Amino acid sequence: MKKVEVTELLEAGVHFGHLTRKWDPNMAPYIYMERNGIHIINLYKTQAKIQETSEALHKIAASGKKILFVATKKQAKDIVAEKAGNVNMPYITERWPGGMLTNFVTIRKAVKKMAMIDRMKKDGTFNSLSKKERLQVDRQRAKLEKNLGSISDMTRLPGALFVVDIKREHIAIKEAQKLNIPIFAMVDTNSDPREVDYLIPANDDASKSINCIMSAVAEAVADGLAERKSEKAEKDAKSEKSPAADKEVKAEVKTEAKAEVKTEAKAEPKAKTKTEEKVVAPVAANEEE
């Protein structure tokens, strides 16, 4: 994994926090100084936390679990949708559906409904509906696609949650905490870092800052997926040349060898009896004489 340089973070404006009067005292360890009434984040600590978070996300991705990305604020939604989409991970960039995690069965039903409408369009059932009904179904499909289209491939609860702005996504945080799902997040100076398991102290309001952090995170996830793919390929290759297969080959060779020995053993006595007959015949003739 590529290490993010402090200069990159500085250029992206990751160090700009909130106004000093809006700060959360629990963020004090990650604040470097105060300038013009604004807290400045310690970028060396941000760099270390990015590395720690990336390693953890790498392991989760390599284990085959999904990571759900959540960012509904205007500055973050397009960036998160693009980065998460590139690594085939689910994401929520519209309104967080209440019970998304704690009532996952119901959410899956809504996703299945969307798939059912698609099947209706393919098999021609959709065309048999009246014009009004078709319009209603289309609207329902568009609404479901907007809210849940990005999680249609998520068949089970995610292995982790990555959040941009934990104050805004507090409902998602609470649901993940109830289910003991690990929470990764970009945490600004106005938020409580104790809410999450892995934090990246950073400016969560500027699009450049979000893009910089998300690029590092997406790269770690991509590396994890690549590692999983290579391990799977190695396992498949080994299974073809497995000890079990070698045993089968050896067993076949043994059985063939045994069969050859048996046939030879059967053939040898017959040969002996014929030669014995030839030898016995002249002896018998001499005795008669």
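Please read all numbers here as calculations on a predicted model, not as lab measurements.
At most 12 heavy atoms of other shown residues, nucleotides or ligands fall within 6.0 angstrom of atom CZ in Phe16. Applying the 6.0 Å contact sphere to CG of Asn127 captures more than 12 heavy atoms from other residues, nucleotides or ligands. Atom CG of Asn36 sits in a sparse spot, with 12 or fewer heavy atoms from other residues, nucleotides or ligands closer than 6.0 Å. Residue Lys59 qualifies as open at atom NZ: its count of foreign heavy atoms under 6.0 Å is 12 or below.
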**Request:** Show your working on side-chain hydrogen bond (donor to acceptor under 3.5 Å, both in side chains) between Glu227 and His58 and close with a plain yes or no.
**Result:** CA-CA 9 Å; Glu227 187 183 298; His58 177 97; 2.8 Å; yes
**Asked** Going through the distances and angles, do Met214 and Glu82 end up as a side chain to side chain contact (heavy atoms under 4.5 Å, CB included)?
**Response** CA-CA 10 Å; Met214 280 302 301; Glu82 183 194 342; over 6 Å; no
**Request:** Any chance you could lay out the side chain to side chain contact (heavy atoms under 4.5 Å, CB included) test for Ile41 and Leu9, step after step, and finish with the verdict?
**Result:** CA-CA 11 Å; Ile41 296 165; Leu9 300 172; over 6 Å; no
**Asked** Which is it for Asp205 and His18 under the side-chain hydrogen bond (donor to acceptor under 3.5 Å, both in side chains) test, yes or no, and what are the steps along the way?
**Response** CA-CA 9 Å; Asp205 293 312; His18 277 268; 3.0 Å; yes
**Message:** side chain to side chain contact (heavy atoms under 4.5 Å, CB included), that's the test. Do Glu8 and Glu5 meet it? Break it down for me.
**Reply:** CA-CA 5 Å; Glu8 288 178 54; Glu5 296 298 329; 3.8 Å; yes
**Asked** Between Lys83 and Ser215, is a side-chain hydrogen bond (donor to acceptor under 3.5 Å, both in side chains) present by the stated rule, with each step listed?
**Response** CA-CA 7 Å; Lys83 301 293 182 187; Ser215 296; 3.2 Å; yes
**Request:** Before giving the answer on salt bridge (Lys or Arg N to Asp or Glu O under 4.0 Å), spell out for Asp118 and Arg141 the whole-Å C-alpha distance, their side-chain angles and the decisive distance to 0.1 Å.
**Result:** CA-CA 9 Å; Asp118 290 339; Arg141 174 70 177 77; 2.8 Å; yes
**Message:** Could you go through Val70 and Tyr91, starting from their C-alpha distance and side-chain angles, then the distance that decides it, and tell me whether this counts as side chain to side chain contact (heavy atoms under 4.5 Å, CB included)?
**Reply:** CA-CA 6 Å; Val70 185; Tyr91 57 90; over 6 Å; no
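Taking a cutoff of 4.0 Å between a charged side-chain nitrogen and a carboxylate oxygen, Asp192 and Arg194 qualify as a salt bridge. Using a 4.0 Å cut-off between charged nitrogen and carboxylate oxygen, Lys73 and Asp204 count as a salt-bridge pair. A salt bridge does not link Glu231 to Arg228: none of the charged nitrogens lies less than 4.0 Å from a carboxylate oxygen.
If you check the side chains of Glu133 and Ser130, you find a donor sitting under 3.5 Å from an acceptor. No hydrogens or angles considered: nothing links the side chains of Asn190 and Asp188 as a donor-acceptor pair under 3.5 Å. Side-chain atoms of Glu94 and Thr72 include no donor-acceptor pair closer than 3.5 Å.
Within the 4.5 Å cutoff, no side-chain heavy atoms of Lys232 are placed close to those of Lys235. In this structure the side chain of Leu199 never reaches within 4.5 angstrom of the side chain of Ser191, judged on heavy atoms. Side-chain contact between Lys66 and Arg156 is absent, with no heavy-atom pair separated by less than 4.5 Å.
Ile79 and Val164 fall within the same hydrophobic cluster, defined by Ile, Leu, Val, Met, Phe, Trp and Tyr side-chain heavy atoms under 4.5 Å apart, directly or through other members. Grouping the Ile, Leu, Val, Met, Phe, Trp and Tyr side chains by contacts below 4.5 angstrom, directly or via other members, places Ile181 apart from Phe69. Note on Leu179: it clusters hydrophobically with Val163, by side-chain heavy-atom contacts below 4.5 Å among ILVMFWY residues. Both Val187 and Trp96 are assigned to one and the same hydrophobic cluster, defined by single-linkage of ILVMFWY side chains at heavy-atom distances under 4.5 Å. In this structure, Val80 is not a member of the same hydrophobic cluster as Ile151, with clusters built from ILVMFWY side-chain heavy atoms closer than 4.5 Å.
Here Thr102 pairs with nothing under the side-chain hydrogen bond (donor to acceptor under 3.5 Å, both in side chains) rule; sequence neighbours left out.
A distance of 6.0 Å or more separates the ring centres of Phe162 and Phe184.
Not a single donor-acceptor pair under 3.5 Å links the side chain of Thr93 to the backbone N or O of Ala81. Between the side chain of Asp24 and the main chain of Thr189, no donor-acceptor pair closer than 3.5 Å is present. A donor-acceptor pair under 3.5 Å is formed between the side chain of Glu34 and the backbone N or O of Gly37. Of the possible donor and acceptor atoms, one in the side chain of Ser209 sits under 3.5 Å from a partner among the backbone N and O of Asn203.
The minimum heavy-atom distance between Ala76 and Ile210, with the atom names listed, is CB-CD1, 3.7 Å. Taking all atoms of both residues into account, the shortest heavy-atom contact from Gly98 to Glu175 is C-OE2, 3.9 Å. Ala218 and Val87 make their closest contact through O-CG1, 3.6 Å (heavy atoms, listed as atom of the first residue, atom of the second, distance). Here the closest non-hydrogen pair linking Gly17 and Ile38 is O-CG2, 3.4 Å.
With His39 as the partner, the ring-ring contact (aromatic ring centres under 6.0 Å, His included) test is satisfied by one option alone out of Tyr32, Trp23, Tyr30: Trp23. Considering Lys132, Lys121, Lys131 as possible partners of Asp138, the one that fulfils the salt bridge (Lys or Arg N to Asp or Glu O under 4.0 Å) test is Lys121.
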